[in-house]
Enquirer: 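The following block contains the structure, expressed as structure tokens.
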Amino acid sequence: MENIHEIREQFPSLKKNIQLSSCSQSAIHIDVKNSVQDYMHSLEERGTDWGYWMDACEESRRKFAKMINADVNEIAIVSSVSHAISAVLTSLEPHTLKNEVILSTSDFPCIGHATLSQGKYDVKYIHPSTTTYEKNITDKTLLTSAPHVSFYNGERLDIKGITEIAHRNDSLMFVDAYQSAGQIDIDVKDLGVDFLAAGMQKYMLGMPGIAFLYVRKEIANHLVPRITGWFGQSNPFAFNSQEVEYAEGARRFDSGTFPMINGFASKSAISVLLDVGIPNIERYLRELSAYTLDYCREKGLEVASPLQAEQKGSNTAIKVPNANEIEQKLKDRQIIVSARNDVIRIAPHFYNTKEDIKLAIDELAKLVPISAG
């Protein structure tokens, strides 16, 4: 990455920590911190500035749309991916001949929780591969879900290929892009997906509490959200509680008052990503990913991720005993990584270096028994 030293200066926490936890929470850019303080300043100085706050959230919507090559009216502001998938599921109309939802065993748990809680779908779990989607998606499948990148081991799926299979069977396609947005170049028009959700706290450089839902414009107005609110209406400031008149496009999936402080953080965070360029970030992270895989092999660590950088995102999952305990021990050494189940995830972003990764793996190797051979 060009100007890496200048880039790192813009992330104050890197002066103290080696932060390799972008699959969970990225480091905070100084512009994001300043935007949060700007919101707080508006509260202190003006008490209320509704238009100013709304502009920040709408700017976040516009920037996210630009980042994934969507129209702005194809983007809803939601609170989380859990919110997004729940909103989608409650807007669909299953019937006897088409009521199946296909989920992946690598979907984040909230996708399954939201689907099963509906009680109106036949749910089928499959191992995530293009072949298994091909075998299992049928004319009974109403919705197919797939993660772009696995939260557990960073595996990257062929979303375009899976979407083509889904559409051949008249199934809608939902993609959880929380682990890919911000590190992988996403073009929803090229992928052809119907729904895509992503939040801000991971590779998007923001904070939890705000996420975005893409709904393809050709289907949006045919959907009736059951999770809604006053901002999901065509004229929220009419204050008419006796009628439901949904907004056009994906905006009908907006709900209550936006999380304003998160909107301020988001507009600056996405600006940083767009300025650096997602294709540049993706190329650099593939280089770091290949280095991580090679150095793990050199140190004798067991990798749970795909062993080719092209088949995964930034996240490299390393098998360890007592993952949460080891995460804390590394944190005590100012190395921030993220545990999940039986793995430690090393997930660099564009502000990280090979030296960061080497130091983290060296310390991890001291804590993990090396398997024979």
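Everything numeric in this text was worked out from a predicted model, so none of it was measured.
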Enquirer: Is it the case that the side chain of S129 and the backbone of T132 share a donor-acceptor pair, with hydrogens and angles ignored and the cut-off at 3.5 Å?
Expert: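 Indeed, once roles are kept as given, a pair shorter than 3.5 Å links the two residues.
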
Enquirer: Cluster partners of L307, using ILVMFWY side-chain heavy atoms under 4.5 angstrom, listed by chain and number?
Expert: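 Its cluster partners, ordered by chain and number, are L293, V303.
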
Enquirer: First locate atom CG of N136, then atom CD1 of I165, and finally report the distance between them rounded to the nearest 0.5 Å.
Expert: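 Output value for this atom pair is 10.5 Å.
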
Enquirer: Under 4.5 Å between any side-chain heavy atoms of I281 and Y203, yes or no?
Expert: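 The answer is no, as the side chains (C-beta and beyond) never meet within the 4.5 Å cut-off.
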
Enquirer: Parallel, tilted or perpendicular, judged at 30° and 60°: which one describes the rings of F64 and F212?
Expert: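 Answer is parallel, since the angle falls under 30°.
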
Enquirer: How are the rings of F237 and F239 set to each other: parallel, tilted or perpendicular (split at 30° and 60°)?
Expert: perpendicular

Enquirer: Please answer whether the main-chain N or O of L285 pairs with a side-chain N or O of S289 as donor and acceptor at a distance below 3.5 Å.
Expert: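 Side chain of S289 to backbone of L285, a donor-acceptor pair under 3.5 Å: no, none is there.
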
Enquirer: Taking the ring of Y284 and the ring of F350, is the distance between their centroids below 6.0 Å?
Expert: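 They do not qualify: ring centres at least 6.0 Å apart.
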
Enquirer: In the hydrophobic clustering that connects Ile, Leu, Val, Met, Phe, Trp and Tyr at side-chain heavy-atom distances below 4.5 Å, which members other than I28 occupy its cluster, ordered by chain and number?
Expert: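 In the cluster with I28 are V32.
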
Enquirer: Do any N or O atoms from the side chain of Q183 and from the backbone of S314 form a donor-acceptor pair under 3.5 angstrom?
Expert: yes

Enquirer: Would you say the side-chain atoms of N3 pair up with the backbone N or O of E6, donor to acceptor, closer than 3.5 Å?
Expert: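 No, the answer is negative, given that no donor and acceptor are paired below the 3.5 Å cut-off.
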
Enquirer: Only one of Q179, R286, E282 forms a side chain to side chain contact (heavy atoms under 4.5 Å, CB included) with I184, so which one is it?
Expert: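 Answer after filtering Q179, R286, E282: E282.
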
Enquirer: As a test of understanding, state which of R216, K217, K66, R61 forms a salt bridge (charged side-chain N to carboxylate O under 4.0 Å, His left out) with D71.
Expert: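 It is K217, the one option of R216, K217, K66, R61 that forms the salt bridge (charged side-chain N to carboxylate O under 4.0 Å, His left out) with D71.
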
Enquirer: Check the surroundings of atom CD in E310: do more than 12 heavy atoms from other residues, nucleotides or ligands lie under 6.0 Å from it?
Expert: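 Yes, the 6.0 Å shell around CD holds more than 12 heavy atoms from other groups.
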
Enquirer: Backbone N or O of A317 within a donor-acceptor pair of the R345 side chain at under 3.5 Å?
Expert: no

Enquirer: Taking the six-membered ring for Trp, is the centroid-to-centroid distance between F258 and F231 below 6.0 Å?
Expert: yes

Enquirer: Using the side chain to side chain donor-acceptor pair (under 3.5 Å) rule, pick out the option among S13, S22, S26 that qualifies with Y351.
Expert: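 Single pass found, and it is S22.
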
Enquirer: Short question: side chain of D342, backbone of K319 - any donor-acceptor pair under 3.5 Å?
Expert: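 Absent.
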
Enquirer: Count the heavy atoms of every other residue, nucleotide or ligand shown that sit under 6.0 Å from NZ of K120, and state whether that count exceeds 12.
Expert: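 Buried by this count: over 12 neighbours within 6.0 Å.
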
Enquirer: With a 4.0 Å cut-off, would you call D139 and K98 a salt bridge?
Expert: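 No.
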
Enquirer: Are the side chain of Q19 and the backbone of I336 linked by a donor-acceptor contact shorter than 3.5 Å?
Expert: no

Enquirer: K331: what forms a side chain to side chain donor-acceptor pair (under 3.5 Å) with it, not counting sequence neighbours?
Expert: none

Enquirer: For Q328 and N324, what are the C-alpha separation, side-chain angles and deciding distance, and is it a side-chain hydrogen bond (donor to acceptor under 3.5 Å, both in side chains)?
Expert: CA-CA 6 Å; Q328 184 58 52; N324 290 327; over 6 Å; no

Enquirer: So, D158 side chain and G161 main chain: donor-acceptor pair closer than 3.5 Å or not?
Expert: yes

Enquirer: Within the supplied structure, the quantity of interest is the number of heavy atoms (other residues, nucleotides, ligands) at a distance under 6.0 Å from H95 NE2; does it exceed 12?
Expert: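 It does: H95 NE2 has more than 12 such atoms within range.
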
Enquirer: Could you check whether any side-chain N or O of Y121 sits under 3.5 Å from a backbone N or O of L89, counting only pairs where one atom can act as donor and the other as acceptor?
Expert: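 Checking the backbone N and O of L89 against the side chain of Y121, a donor-acceptor pair under 3.5 Å is found.
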
Enquirer: To the closest 0.5 Å, what do you measure between CG (L196) and OG (S180)?
Expert: 6.5 Å

Enquirer: Under 4.5 Å between side-chain heavy atoms, counting indirect links through other Ile/Leu/Val/Met/Phe/Trp/Tyr residues: same cluster for I75 and M260 or not?
Expert: yes

Enquirer: Take the angle between the ring planes of F264 and Y39 and call it parallel below 30°, perpendicular above 60°, tilted in between.
Expert: tilted

Enquirer: Per the side chain to side chain donor-acceptor pair (under 3.5 Å) rule, which among T144, D194, T138 passes with S171?
Expert: T144

Enquirer: So does K267 pair up with E58, basic N to acidic O under 4.0 Å?
Expert: no

Enquirer: What verdict does the side-chain hydrogen bond (donor to acceptor under 3.5 Å, both in side chains) test give for S268 and S35, after you've listed the backbone C-alpha separation in whole Å, the side-chain angles of each residue and the deciding distance to 0.1 Å?
Expert: CA-CA 7 Å; S268 292; S35 284; 2.3 Å; yes

Enquirer: For E363, which of K358, R333, Q334 qualifies under side chain to side chain contact (heavy atoms under 4.5 Å, CB included)?
Expert: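 It is R333; the other options fail the test.
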
